[in-house]
Amino acid sequence: MPPLRTLSAPLAAAAAAAALLALLPACSRSTPAEPEAGPTASAASAPAVPPLQWDVPAGWTVVDAPRGGPQKASYKVPRAANDKEDVEVLALFHGTGSQGDVEKNFKAWLDQFDGDVASTARRSTFTVRGMQVDMVEVTGTYKVALGPPMGPKKKAAVEMVKKGYRLLGAAVRTGDRGNWFFKVTGPDETVQSTRSALQALLESARP
């Protein structure tokens, strides 16, 4: 019988470690599990509200709307002959909570004009596919904020004033998906020229 050979200390330690690993369950040598895919609980519990649909009038140019925030669409409209500034139509959605209150938003729009224009604003209402549409219109001196709102009245310290401006706005009350707003503000002639196209857009509104 050949003589037995003894292992050196380093080799003996390595052999013992290998034997121990062989006895451990296979799962202890597996890689960590991947995190579960899918939305978080908070995202899953807040379903999106289906948007209002409408037809874009011919001649209006689609402008990229900013990501996030209430502005959902924007359109550039052709200028009237005597106007030198562009006018955009904004489609706005503030959610289904109090931020989407019609009177609250109309007041904020009217407050952008100098003086008490609310007392002279034209108001009208009509119905489209069971949805009430409220409209507001006013002319006057428009104030463009050149800084962040400050003080208890939340007004900018510096403002640019533009005379001969008109606001033409509307709110579509969907009932089940909040109120959608359409706002046109700019030089008088150009805003007036959008009246029939905006009316057609509102009449095309549908869930």
Side-chain angles (χ1 to χ4, degrees), residues 35-78 86-113 117-118 121-138 142-145 148-149 153-156 165-186 190-191 194-207:
E36 293 185 4
T40 61
S42 59
S45 62
V49 177
L52 186 71
Q53 304 292 324
W54 60 83
D55 297 332
V56 181
W60 287 15
T61 303
V62 177
V63 179
D64 289 338
R67 284 191 168 187
Q71 186 174 326
K72 303 305 178 185
S74 179
Y75 309 100
K76 181 180 176 181
V77 300
D86 291 330
V87 172
E88 288 187 6
V89 180
L90 304 181
L92 308 163
F93 178 67
H94 301 278
T96 57
S98 61
Q99 294 299 314
D101 181 77
V102 172
E103 295 305 321
K104 177 179 179 178
N105 281 274
F106 279 5
K107 181 181 184 303
W109 295 355
L110 297 176
D111 285 347
Q112 293 176 314
F113 285 79
V117 297
R122 294 175 55 186
R123 298 287 297 266
S124 60
T125 302
F126 62 96
T127 302
V128 173
R129 297 176 180 83
M131 300 179 294
Q132 179 176 313
V133 180
D134 296 318
M135 298 198 69
V136 62
E137 182 175 358
V138 71
Y142 186 66
K143 301 174 294 183
V144 181
K153 293 187 177 181
K154 301 297 182 181
K155 290 187 176 182
Y165 260 45
R166 181 178 294 268
L167 161 71
L168 186 58
V172 181
R173 302 175 186 260
T174 68
D176 62 344
R177 61 191 68 188
N179 302 323
W180 285 74
F181 296 86
F182 297 85
K183 181 186 180 187
V184 194
T185 309
T190 299
V191 174
T194 68
R195 189 187 306 279
S196 59
L198 179 63
Q199 183 73 25
L201 181 153
L202 295 171
E203 290 177 355
S204 75
R206 54 199 179 274

Spacing of Leu92 atom CG and Phe182 atom CZ [to the nearest 0.5 Å]: 8.5 Å
Main-chain N/O of Gln99 paired with Asn105 side-chain donor or acceptor, under 3.5 Å: yes
Closest approach of Phe181 to Gly100 (non-hydrogen atoms, all atoms of both residues): CZ-O, 3.4 Å
Nearest heavy atoms of Leu202 and Ala170, plus distance in Å: CD1-CB, 3.7 Å
Stepwise side chain to side chain contact (heavy atoms under 4.5 Å, CB included) check, Val133 with Thr125: CA-CA 6 Å; Val133 180; Thr125 302; over 6 Å; no
Contacts of type side-chain hydrogen bond (donor to acceptor under 3.5 Å, both in side chains), residue Arg173, not counting sequence neighbours: Asp134
Criterion side chain to side chain contact (heavy atoms under 4.5 Å, CB included) on Arg166 and Tyr142, from CA distance to verdict: CA-CA 8 Å; Arg166 181 178 294 268; Tyr142 186 66; over 6 Å; no
Backbone N/O of Gly178 and side chain of Thr174: donor-acceptor pair under 3.5 Å: yes
Gln132 and Thr127 side chains, donor-acceptor separation under 3.5 Å: no
Backbone N/O of Ala65 and side chain of Ser74: donor-acceptor pair under 3.5 Å: no
Atom pair OG (Ser204) and CZ (Arg129), whose distance is rounded to the nearest 0.5 Å: 7.0 Å
Heavy-atom pair of closest approach, residues Met131 and Pro207: CE-CD, 4.3 Å
Student check: side-chain heavy atoms of Tyr165 and Lys143 closer than 4.5 Å: no
Pairwise distance CD(Gln53) to CH2(Trp180) - rounded to 0.5 angstrom: 8.5 Å
Over 12 non-hydrogen atoms of neighbours within 6.0 angstrom of CG in Asp176: yes
Side chain to side chain contact (heavy atoms under 4.5 Å, CB included) between Glu88 and Val63, worked out: CA-CA 9 Å; Glu88 288 187 6; Val63 179; 4.1 Å; yes
Minimum side-chain heavy-atom gap Val87-Val184 below 4.5 Å: yes
Side-chain heavy atoms of Arg206 within contact of Asp55, under 4.5 Å: yes
Step-by-step salt bridge (charged side-chain N to carboxylate O under 4.0 Å, His left out) determination, Asp101 to Lys107: CA-CA 10 Å; Asp101 181 77; Lys107 181 181 184 303; over 6 Å; no
salt_bridge(Arg123, Glu137) N-O dist < 4.0 Å: no
Exercise: identify the closest heavy-atom pair between Gly186 and Val191: N-CG2, 3.4 Å
Where Asn179 and Phe93 come nearest, the two heavy atoms and their spacing: O-CD1, 3.5 Å
side-chain contact (heavy atoms from CB on, under 4.5 Å) involving Pro78 - partner list, sequence neighbours excluded: Trp60
Non-hydrogen side-chain atoms of Gln112 and Leu167 separated by less than 4.5 Å: no
Considering all heavy atoms, the nearest Trp54-Ala73 contact: CZ2-CB, 4.0 Å
Intermediate values then yes/no, side chain to side chain contact (heavy atoms under 4.5 Å, CB included), Leu201 and Glu203: CA-CA 5 Å; Leu201 181 153; Glu203 290 177 355; over 6 Å; no
